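The structure appears right after this line, and notes come after that.
As the structure is a prediction and not an experimental result, all values here were calculated from the model.
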Amino acid sequence: MNYNTIMFFDFETVAIKGEKAYNPIQAEPIQLAAKMIHPRRLEVIQGSEFKRYICPPFPKEEIDQEVLNWHCKQTGKTAEELTTLWYDAPDQKQVWTEFIDYIDRYHKKTDKKSIHSAPVFAGQNIIKFDNVIFDRLCVRHGFVGSDGKQNIYRDNNCVDTMFLLWPWFENNPDVNSLSMDKLRPYFGISAENAHDANKDIEDGINILCRFLRFHRRICEKTSFKGSFAYVDIVTGK
């Protein structure tokens, strides 16, 4: 079943004054990173890295100061250094066009491309955050079908590592959050450069591939075929 390339990606975002960078309806990306994973080998495809800074679509004077201060704290850079980095970057439409072209190169079929041959999207909290931003920017920049919605990927077929990890940790008293800030110390992953999109996808890919390999080893020893035919799991009868 799993023969589509897997794309792990992450946005870093800002917002204008009075809005929130963690709200996917209000957030504007200032950094985007992605890598492609081979679905059978569960290894990063060599040369598949995409990383860009993105110029926000509003003047630097309008950036929410709280958001800017947060980025300064995370990166160790001054506000001037960060805003220079962001506002010297290509505009959003240019980066978005390059990103869509990048995704297009990794369809499992090159002769007849569709959302069914497109890469499977993966990331940390992408269902509630990154995918929402992705869909917004597709609409904004014209990458839509006749229904006016994005036509790049299957939105009912993606891998959110938070959902992947939940069954393994929902009964673990040592884990009270599935955020990357909580998972890194638990897993023994360095927090250095955390909240940089390049670092975040590296950590996320390591978690995703290790757990998928773990799942595969368990599935090789487990058969679900016919397992519901005689015993109802709910009633035990």
Side-chain angles (χ1 to χ4, degrees), residues 7-35 49-103 121-144 148-153 155 158 160 162 177 179-184 190-204:
M7 183 183 75
F8 201 104
F9 76 111
D10 181 62
F11 290 114
E12 297 299 327
T13 59
V14 293
I16 64 173
K17 294 176 182 177
E19 296 188 348
K20 302 298 183 182
Y22 55 77
N23 183 333
I25 302 301
Q26 300 174 340
E28 296 291 348
I30 44 83
Q31 189 184 18
L32 169 58
K35 284 187 177 182
E49 184 176 63
F50 184 96
K51 54 182 181 180
R52 298 286 191 279
Y53 283 102
I54 307 169
C55 182
F58 48 77
K60 65 177 67 177
E61 294 77 20
E62 294 185 16
I63 295 177
D64 183 83
Q65 190 62 45
E66 184 179 346
V67 172
L68 182 56
N69 291 343
W70 183 88
H71 280 290
C72 290
K73 181 179 179 180
Q74 298 300 320
T75 63
K77 290 181 169 60
T78 66
E80 183 178 355
E81 288 173 329
L82 280 179
T83 53
T84 299
L85 182 65
W86 300 338
Y87 281 88
D88 283 348
D91 66 44
Q92 189 180 92
K93 183 172 180 58
Q94 177 182 331
V95 174
W96 203 248
T97 301
E98 292 174 358
F99 188 46
I100 299 301
D101 288 343
Y102 162 79
I103 295 171
F121 283 20
Q124 172 77 0
N125 194 33
I126 63 166
I127 291 176
K128 292 290 187 68
F129 189 74
D130 302 85
N131 281 2
V132 178
I133 296 173
F134 184 97
D135 294 355
R136 278 177 49 219
L137 296 192
C138 280
V139 171
R140 178 182 292 173
H141 299 300
F143 295 97
V144 296
K149 298 179 180 180
Q150 68 82 19
N151 61 352
I152 306 301
Y153 73 105
D155 55 9
C158 64
D160 192 318
M162 293 184 72
S177 171
S179 72
M180 284 299 293
D181 288 334
K182 298 294 185 180
L183 289 175
R184 283 191 176 101
S190 170
E192 185 176 358
N193 296 323
H195 299 290
D196 176 274
N198 300 305
K199 160 70 170 174
D200 289 351
I201 66 166
E202 290 291 337
D203 294 345

### Message
Quick check on side chain to side chain contact (heavy atoms under 4.5 Å, CB included): which of Ile103, Asp155, Ile126 does Phe134 satisfy it with?
### Response
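Exactly one pass, corresponding to Ile103.
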Kindly indicate, with the supporting measurements, whether the criterion side chain to side chain donor-acceptor pair (under 3.5 Å) is fulfilled by Gln31 and Asp196.
-> CA-CA 8 Å; Gln31 189 184 18; Asp196 176 274; 3.2 Å; yes
- Inspect the surroundings of CD in Glu49 and state if more than 12 heavy atoms from other residues, nucleotides or ligands are less than 6.0 Å away.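 More than 12 within 6.0 Å, yes.
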Any chance you could measure [X], atom [atom1], to [Y], atom [atom2], to the nearest 0.5 Å?
X	Y	atom1	atom2	answer
Leu68	Trp86	CG	CH2	5.5 Å
Tyr87	Ile30	OH	CD1	10.0 Å
Glu19	Asp64	CD	CG	9.0 Å

Could you tell me which residues satisfy side chain to side chain donor-acceptor pair (under 3.5 Å) with [X], sequence neighbours excluded, listed by chain and number?
X	answer
Gln92	Glu28, Arg140, His141
Tyr153	Asp135
Asp88	none

Problem set entry | Parallel, tilted or perpendicular, as decided by the 30° and 60° cut-offs, for the rings of Phe9 and Phe121 |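 The arrangement is perpendicular - the two ring planes meet at more than 60°.
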### Message
Suppose we screen for salt bridge (Lys or Arg N to Asp or Glu O under 4.0 Å). Which residues come up paired with Asp160, at least two apart in sequence or across chains?
### Response
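Salt bridge (Lys or Arg N to Asp or Glu O under 4.0 Å) list for Asp160, sorted by chain: empty.
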Q) salt bridge (Lys or Arg N to Asp or Glu O under 4.0 Å) with Lys199: which residues, sequence neighbours excluded? A)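 Testing Lys199 for salt bridge (Lys or Arg N to Asp or Glu O under 4.0 Å), a comparison that skips the adjacent residues, returns Asp203.
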What closest approach, in Å, do Thr13 and Pro29 show between heavy atoms, and which atom pair accounts for it?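 The pair with the smallest heavy-atom distance is CG2-CA, 4.0 Å.
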So do the side chains of Pro56 and Ile16 get within less than 4.5 Å of each other, counting heavy atoms only?
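Pro56 vs Ile16: side chains apart.
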Please tabulate, for side-chain N and O atoms in residues 72-82, each donor-acceptor pair with protein atoms closer than 3.5 Å (sequence neighbours left out).
| unit_1 | atom_1 | unit_2 | atom_2 | d |
| --- | --- | --- | --- | --- |
| Thr75 | OG1 | His71 | O | 2.8 |
| Thr75 | OG1 | Lys77 | N | 3.2 |
| Thr78 | OG1 | Glu81 | N | 3.0 |
| Thr78 | OG1 | Glu81 | OE1 | 3.4 |
| Glu81 | OE1 | Thr78 | N | 2.8 |

